[in-house]
Amino acid sequence: MRLLGAFIPALLLGVLAQARQVEVTLDDTSPQIVYTVPPLRGCQSDACNPANLYNGTSSTASALVIVPFTGTAAAIHLGVNGTIMFQLDGIYVGEYSGLDVDDITTAFTMNNLSNQLHVLTMNAFETKNWDVVAPMQIDYIVYTTNRTTNHTPAIVGGVVGGVAFFALLFLAMALFRRWKQKQRRATRGSWVGRWSDKPNIQMAGMNATANVGAST
Ligand SMILES: *[C@@H]1O[C@H](CO)[C@@H](O)[C@H](O)[C@H]1NC(C)=O
Ligand SMILES: *[C@@H]1O[C@H](CO)[C@@H](O)[C@H](O)[C@H]1NC(C)=O
Ligand SMILES: *[C@@H]1O[C@H](CO)[C@@H](O)[C@H](O)[C@H]1NC(C)=O
């Protein structure tokens, strides 16, 4: 029973740990980021220091960028000399204007999204001339995903497996205890027999010796 008391909280802790929210960081080179036109890799000027970039790289895109992700929040880290339009699942959700493509900041954040597959799209234009595409230098994207729904079958499997394991363990312990009790009772029975025999044997031996001594 003490064993069960220790393991049930451990099982619950395991479930709670699985239900945690997880942050996923996508580097600009991640295959999850879809560049409709191959981007230029790395910094485009001396003003941009690779040491300040996530994983030391950035990608400069001059066309639509598509990022599918499953999560409840996202933050996009990039630089642009122009204005970027952000769309989520085909709906305009906001824009960001910058003055320097090498000035990489947290340009856009989204929160309170439903924990399902979303598609983020972004494209940039010169702020003063919306007919001209502006390059955007993408460093990294972070999104928050809720692992609960993804791992429910695993959690249920773990709990059912754990309960089954402890049921078997207790059955084995009960059987072992019963077997041990039976064994102890059997052993006690044979000892009682032997101890009651012993004095008789010794007495018989002593008598025999006494008899031998007496005859010589
Ligand atoms: C860092 O960049 C390299 C290549 O640019 C890539 O293979 C690797 O997965 C990146 N690491 C992370 C943590 O994104
Ligand atoms: C930003 O773009 C404008 C044109 O839209 C240009 O005149 C300006 O020099 C650029 N600034 C930087 C820092 O590149
Ligand atoms: C998210 O929702 C919570 C409550 O549901 C609210 O307090 C919070 O302001 C929201 N955050 C944003 C960024 O909309």
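Whatever order the structure lists them in is the order used to number ligands and atoms, beginning at 1.
You'll find the side chain of Glu95 stays beyond 4.5 Å of the side chain of Phe125, heavy atoms only.
For Thr145 (side chain) and Thr70 (main-chain N/O), a donor-acceptor pair under 3.5 Å exists by modelled atom type. At distances below 3.5 Å, at least one donor-acceptor pair connects side-chain atoms of Gln137 with backbone N or O atoms of Val101.
Heavy-atom contacts of Leu99 reach the following atoms of ligand 2: 11 (N), 12 (C), 13 (C) (cutoff under 4.0 Å).
The shell of residues lying under 4.0 angstrom from ligand 2, judged by heavy atoms, includes Glu126.
Using a 3.5 Å distance cut-off with no hydrogens or angles, the side chains of Thr127 and Thr83 do pair a donor with an acceptor. Using modelled atom types, one finds a donor on one side chain and an acceptor on the other under 3.5 Å when comparing Ser114 with Gln116.
A heavy-atom cutoff of 4.0 Å around ligand 1 is satisfied by the protein residues Asp27, Thr29, Tyr54, Asn55.
With a 4.5 Å cut-off between side-chain heavy atoms of Ile, Leu, Val, Met, Phe, Trp and Tyr, the cluster of Val80 takes in Val24, Leu26, Ile33, Tyr35, Val65, Val67, Phe69, Ile76, Leu78, Ile84, Phe86, Leu88, Val93, Tyr96, Phe108, Met110, Leu113, Leu120, Met122, Met136, Ile138, Ile141, Tyr143.
Checking Thr57, Thr29, Thr60 one by one against Arg41, the side-chain contact (heavy atoms from CB on, under 4.5 Å) holds for a single residue, Thr29.
Polar contact check, Asp100 against ligand 2: no nitrogen or oxygen pair lies under 3.5 Å apart.
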